[in-house]
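Reading through the C-alpha cells given below for one structure.
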Amino acid sequence: MGQPVLLSLLVLLAVAQGVVLAYWAIRDRRFRSAHRAARHLHSADTHAGRLALVGEIAGSIAHEISQPLSAILTNADAAENLLGEPDPPLDEIRRMLADIRRDDLRANDIVRHLHSLLKRRELQTTMLDLNEVAATALSLIQPVARKRLVTVRSCLDPMLPPVRGDAIHLEQVLLNLMMNAMDAMASNTANGAAERILDVTTDRYDKYSAAITVTDTGPGIAAAYRPRIFDSFFSTKQEGMGLGLAIARTIVHAHGGKIWQEGTSAGGAAFKFTIPLQAA
Ligand code: ADP
C-alpha cells in the first residue's frame with residue numbers, strides 16, 4: 001500500500017471515529033436529558049397529585065383540627081377561671097393542662113402530616129413498620145370516610161417484619177387507593193351506608209416482601225378499563241386527574257415493589273402492593 005493511500009485511510013478512520021464519538025456524545029446527552037426530564041416529570045406529577053389529594057383531604061381535616069383547638073381554648077378559659085378562685089383546685093388545673101398538652105399534640109400531628117404531604121421531596125428510605133404507615137393513613141382518611149358514610153375496617157398483621165421505605169410516599173399510595181375506593185362506593189346509595197365498606201389489611205406477602213391491600217364494595221373495574229387504569233391521565237371520573245394510580249405505581253416501583261388490581265368475590269375492587277422487607 002502506498003503512503004498516500006495509507007494516509008487517506010488513517011484520515012478516514014479518524015473522521016469515522018470522530019463521527020461515532022460525536023453520535024454517542026449526542027445520544028448520551030439526549031438520553032440523560034430525557035432521563036432528567038422524566039424524573040422531573042415524575043416528581044412534578046407526584047407533587048401535583050399530592051396537592052390535589054391534600055386539597056381534598058384538607059377540607060375534612062380542618063374540621064378535625066378545630067376540635068382539639070376549641071377543646072384547648074375551653075380548658076385554658078376554665079383553668080384561668082379556677083386560678084382566680086381564693087383556693088384554686090390545683091389537681092384539677094393540672095389535669096386541664098395535661099388535656100391541653102394532649103390536644104395540642106394531636107392538632108400538631110395532623111398539621112405535621114399535611115405539611116409533609118405538601119412538600120416536594122425525593123424518596124428517603126428508612127426501616128419502616130408498614131402497620132404504622134397504614135395506621136397514619138387510616139387516621140388521615142377517617143374524617144373523609146365519616147363524611148362519605150364509609151365504614152373503614154383494618155386488619156394489620158402484628159407479626160409483620162419491617163420494610164425499607166419512605167413513610168410519606170407510602171402514606172400517599174395508601175391515601176390514593178383509599179380515596180379511589182371511596183369514590184367507587186359513592187354510588188352505593190341504593191344499598192345504604194352499611195354497604196360502603198373499605199378494608200385495609202397488611203400481611204407478609206412472600207419471603208421477600210410485605211403487602212398492603214385496600215378492598216372496597218364498589219362496582220369493581222370494567223374489563224375494558226383494567227389495562228389502562230395505571231396510565232397517567234386515564235380517568236373515568238368527571239373531575240378526575242387520572243394521576244392517582246400512576247403516582248402510586250411510580251412510588252411502589254421506586255421501592256422495588258409491585259402494585260396490581262384484583263376483583264373481589266363481592267364484585268368490588270381490591271388493590272394490592274408489595275414492599276421489600278428490610279432484611280430481604
Ligand atoms: P382518578 O382518581 O383521578 O380518576 P386514578 O389514576 O386514581 O385517577 O384512577 C384511574 C381510574 O381507575 C379511575 O378513574 C377509575 O376508573 C379507576 N379506579 C381506580 N380505583 C378504583 C376502584 N377502587 N374502583 C373502581 N374503579 C377504580
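Predicted model, so just to flag it, every value in this text is computed and none were measured.
Contact record, Tyr205 with Ala211: CB-CB, 3.8 Å, taken as the closest heavy-atom pair. Between Leu69 and Ala107, the shortest heavy-atom distance links the atoms CD2-CB, 4.4 Å. Contact record, Leu170 with Ile275: CD2-CD1, 3.7 Å, taken as the closest heavy-atom pair. When all heavy atoms of Pro68 and Arg106 are compared, the closest pair comes out as CD-NH2, 4.0 Å. Smallest separation of non-hydrogen atoms from Leu138 and Val152: CD2-CG1, 3.4 Å. Taking each heavy atom of Leu160 and Asp203 in turn, the nearest pair found is CD1-C, 3.3 Å.
Between the CD1 atom in Ile221 and the CZ atom in Phe271 there is a gap of 3.5 Å [rounded to 0.5 Å]. The distance from atom NZ of Lys258 to atom OG1 of Thr274, rounded to the nearest 0.5 Å, is 6.0 Å. The structure places CE of Met182 at 4.0 Å from CD1 of Ile141, a figure rounded to the nearest 0.5 Å. Annotation: the span from Leu174 atom CG to Leu140 atom CG amounts to 10.5 Å, rounded to 0.5 Å.
Residues that satisfy the salt bridge (Lys or Arg N to Asp or Glu O under 4.0 Å) test with Asp199, not counting sequence neighbours, are Arg153. Under the salt bridge (Lys or Arg N to Asp or Glu O under 4.0 Å) criterion, Arg95 pairs with no residue at all, not counting sequence neighbours. Qualifying side-chain contact (heavy atoms from CB on, under 4.5 Å) partners for Pro161, counting only residues two or more places apart in sequence or in other chains: Arg204, Leu277. Residues satisfying the salt bridge (Lys or Arg N to Asp or Glu O under 4.0 Å) test with Arg94, not counting sequence neighbours, are Asp91.
In this structure, Met127 shares a hydrophobic cluster with no other residue, the cluster being traced through Ile, Leu, Val, Met, Phe, Trp and Tyr side chains under 4.5 angstrom apart.
Atom NZ of Lys272 has more than 12 heavy atoms from other residues, nucleotides or ligands within 6.0 Å.
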Fill in: Verdict with reasoning, Asp206 to Ser209, per side-chain hydrogen bond (donor to acceptor under 3.5 Å, both in side chains)
CA-CA 5 Å; Asp206 58 18; Ser209 52; 2.8 Å; yes

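Screening residues 260-270 for side chain to side chain donor-acceptor pair (under 3.5 Å), with sequence neighbours left out, gives Trp260-Glu262.
Looking at Asp104 and Arg101, no side-chain N of the basic residue comes within less than 4.0 Å of a carboxylate O on the acidic one, giving no salt bridge.
Checked by atom type and distance alone, the side chain of Asp231 never pairs as donor or acceptor with a backbone atom of Phe234 at under 3.5 Å.
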